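Following: one structure in structure tokens, then a few remarks.
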Amino acid sequence: MNPYLQSLDEIKKLPPQEAISHLNRYITDNPDSDEAFVERGLNYWKMGKRREAINDYHHALTINPQSRAAMLIEYSKSILDFYNKDLLNP
């Protein structure tokens, strides 16, 4: 496999850790690509790195306020804010 993938579509097919490595290089060359930040955030989320994911979503929003990152931030907040009251009061 090519050590440096040029296309986000190619990178999306990789396992999360490998995708993040390629996305880091892609972002270096394309710092204004909100979609690259969103994609890296999605991969961080898959790896359980919530803070990094949300940071990337916020960065994507600074690049493009209409980015799908806005939706992902809301989803992330709702997931992180969820708790089960039954588990707190047995």
Side-chain angles (χ1 to χ4, degrees):
M1 180 174 283
N2 183 354
Y4 179 67
L5 301 174
Q6 296 292 328
S7 165
L8 281 177
D9 291 330
E10 291 178 87
I11 295 171
K12 288 178 183 181
K13 297 175 187 174
L14 298 173
Q17 194 161 1
E18 191 177 343
I20 288 171
S21 175
H22 287 280
L23 285 163
N24 289 338
R25 286 180 271 175
Y26 186 91
I27 288 169
T28 299
D29 293 342
N30 304 281
D32 294 332
S33 173
D34 64 303
E35 189 57 32
F37 282 96
V38 167
E39 198 56 42
R40 188 171 70 177
L42 289 169
N43 281 285
Y44 276 135
W45 190 272
K46 288 177 191 175
M47 294 176 63
K49 296 182 176 185
R50 307 303 190 224
R51 180 182 311 169
E52 291 89 342
I54 293 169
N55 286 340
D56 274 350
Y57 300 153
H58 280 287
H59 191 83
L61 276 180
T62 63
I63 296 169
N64 176 8
Q66 282 74 43
S67 171
R68 67 183 174 132
M71 175 188 65
L72 292 167
I73 290 170
E74 290 305 312
Y75 288 163
S76 300
K77 285 180 184 178
S78 67
I79 290 168
L80 295 174
D81 287 343
F82 176 78
Y83 67 96
N84 187 337
K85 292 179 185 176
D86 294 335
L87 293 176
L88 297 175
N89 299 310

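Values in this document were obtained by computation on a predicted structure and should not be read as measured data. For this chain, numbers begin at 1 and follow the sequence in order. Atom set for the values below is all heavy atoms of this structure, side chains included, hydrogens, waters and symmetry mates excluded.
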Identify, with sequence neighbours excluded, every residue that meets salt bridge (charged side-chain N to carboxylate O under 4.0 Å, His left out) alongside Arg50.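 Expected list: none.
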Find out if a path of hydrophobic residues (ILVMFWY) with successive side-chain heavy-atom gaps under 4.5 Å connects Leu42 to Leu80.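 Yes.
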Mind checking whether Ile54 and Leu61 sit in one hydrophobic cluster, side chains of I, L, V, M, F, W, Y counted as touching below 4.5 Å?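 Yes: a chain of side-chain contacts under 4.5 Å links Ile54 to Leu61.
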Report the C-alpha separation of Leu14 and Ser21 in whole Å, then their side-chain angles, then the decisive distance to 0.1 Å, and conclude whether the side chain to side chain contact (heavy atoms under 4.5 Å, CB included) test is met. CA-CA 10 Å; Leu14 298 173; Ser21 175; over 6 Å; no
Specify the closest pair of heavy atoms between Val38 and Ala60, including all atoms of both residues, with the distance to one decimal.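 Where Val38 meets Ala60 most closely, the heavy atoms are CG2-CB, 3.7 Å.
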Least distance between heavy atoms, Ala36 atom then Ile27 atom: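 Heavy atoms of Ala36 and Ile27 come nearest at CB-CG1, 3.7 Å.
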Would a distance-only check, ignoring hydrogens and angles, find a side-chain to backbone donor-acceptor pair under 3.5 Å from Thr28 to Asn24?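 At least one qualifying donor-acceptor pair exists.
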Arg68 versus Glu35: any side-chain heavy-atom pair under 4.5 Å?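 In short, these two side chains touch, coming nearer than 4.5 Å.
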First locate atom [atom1] of [X], then atom [atom2] of [Y], and finally report the distance between them rounded to the nearest 0.5 Å.
X     : Y     : atom1 : atom2 : value
Ile11 : Ile20 : CD1   : CD1   : 11.5 Å
Lys49 : Arg40 : NZ    : CZ    : 11.0 Å
Asp56 : Leu23 : CG    : CG    : 9.0 Å

With sequence neighbours excluded, tell me which residues meet side-chain hydrogen bond (donor to acceptor under 3.5 Å, both in side chains) with [X].
X     : result
Asn43 : none
Thr62 : none
Ser76 : none
Asn64 : Asp34

Is it the case that more than 12 heavy atoms not belonging to Lys12 sit under 6.0 Å from its NZ atom?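 It does: Lys12 NZ has more than 12 such atoms within range.
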Residue pairs passing the ring-ring contact (aromatic ring centres under 6.0 Å, His included) test where at least one lies in residues 46-81, sequence neighbours excluded: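 Qualifying pairs, neighbours excluded: Phe37-His59.
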